[in-house]
Amino acid sequence: MGGAQEVAPLLLNKLLVAGERVGRIVETEAYAGAEDPASHAHRGPTARNSSMFATAGTLYTYLSYGIHTCANVVTGPEGVGGAVLLRALEPILGLESMWSDRPGVVRERDLANGPGKLCRAMGIALADDGTDLCDPHSRVRICTDGTPPPGDPARTPRIGISRATSRRWRFVVPGTAHASRPERSGGGNR
DNA sequence: CTTTGGATCGTCT
DNA sequence: GACGATCCAAAGG
């Protein structure tokens, strides 16, 4: 496995499974280790981010703004602290559960078009931190239905951070209606 | 449509 | 004691 910024676009179009719920990943962000000032791993391992330093394929969940759970895929190698934040997905299976866990939502595309919403819709919690996403027996895991990652993912700066804002480490499936923000018109990709 | 501010709490300074 | 890898409702154009 390479660095987080290499893995992030490869996770696009993969399936995230949590119990009976399944969604297709359409938006990711890369966060590196000590070298990345915007990463939780920037200041080294702590009690909160310890699973970020685990082996590749580990789930790292954390509490955001005291309210929301966010989910990351650790990219390894062990001890580095690189991870990919899962920012949005397209609901595939288990829609009934998603609707009931997302009261007030009207449009299907609003079920999981944000990192906090994604965890809520999928039923992923802080307790799932440390899960082995590659183990077929895990409640939360990642697999594929054969759909390859897009050859030309949209690339933008990461959202919601105040440091290292010039790095364009956010990746989106082109044309998706399920990203956290609409496709910007006019295109243009580096 | 865009902008603004409140919610809420664990973690680190 | 301050600050978030966010979300939503409310208010303004």
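Residue numbers start from 1 in every chain, and the chains themselves are labelled A, B, ... in the order their sequence lines are given, proteins ahead of strands.
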- Query: Out of dC8(C), dG10(B), dT6(C), which has the shortest distance to the side chain of Pro115(A)?
  - Reply: dT6(C)
- Task: Please round to the nearest 0.5 Å and tell me the distance separating atom CG of Asp129(A) and atom OH of Tyr60(A).
- Result: 7.5 Å
- Query: When the nearest nucleotide of DNA chain C is assigned to Ser162(A) and to Lys117(A) on a heavy-atom basis, which residue is associated with the more 5' position?
  - Reply: Ser162(A)
- Query: Glu27(A) and side chain to side chain contact (heavy atoms under 4.5 Å, CB included): which partner among Thr156(A), Ile159(A), Val173(A), Leu11(A)?
  - Reply: Ile159(A)
- Query: Between CG of Leu86(A) and CG of Leu59(A), what distance do you get to the nearest 0.5 Å?
  - Reply: 8.0 Å
- Touch class at under 4.0 angstrom, heavy-atom based, for Arg120(A) against every strand present: nothing
- So CG of Leu133(A) and CG of Asp128(A): to nearest 0.5 Å the spacing works out to 9.5 Å
- Item | Whole angstrom value for the distance that separates P of dC3(C) from CG of Leu63(A) | 18 Å
- Check: Tyr62(A) side chain, dA5(C) base, donor-acceptor under 3.5 Å: yes
- The side chain of Arg48(A) lies closest to which of these nucleotides: dG4(C), dT13(B), dT11(B)? dT11(B)
- Note on the structure: When every non-hydrogen atom of Asp101(A) is compared with those of Arg120(A), the smallest separation belongs to O-CG, 3.4 Å
- Among dC7(C), dA5(C), dG4(C), the one nearest Leu85(A) by side-chain distance: dA5(C)
- Look at the side-chain N and O atoms of Ser39(A) and state whether any lies under 4.0 Å from the OP1 or OP2 oxygen of dA5(C). no
- Task: For dT6(C), take OP1 and OP2 only and decide whether either is under 4.0 Å from a side-chain N or O of Arg87(A).
- Result: yes
- Task: Among dA5(C), dT11(B), dT13(B), find the nucleotide with the atom closest to the side chain of Asn72(A).
- Result: dA5(C)
- Quick one: on DNA chain C, does Ile161(A) or Asp110(A) contact a more 5' nucleotide (nearest heavy atom)? Ile161(A)
- Just how far, in rounded Å, is C1' of dG4(C) from CG of Asn49(A)? 14 Å
- With the side chain of Arg102(A) defined as its heavy atoms from C-beta on, choose the nearest nucleotide among dC8(C), dT13(B), dA5(C). dC8(C)
- With the side chain of Tyr31(A) defined as its heavy atoms from C-beta on, choose the nearest nucleotide among dG10(B), dA5(C), dT8(B). dA5(C)
- Of the candidate nucleotides dA5(C), dT6(C), dT8(B), which contains the atom at the shortest distance from the side chain of His40(A)? dA5(C)
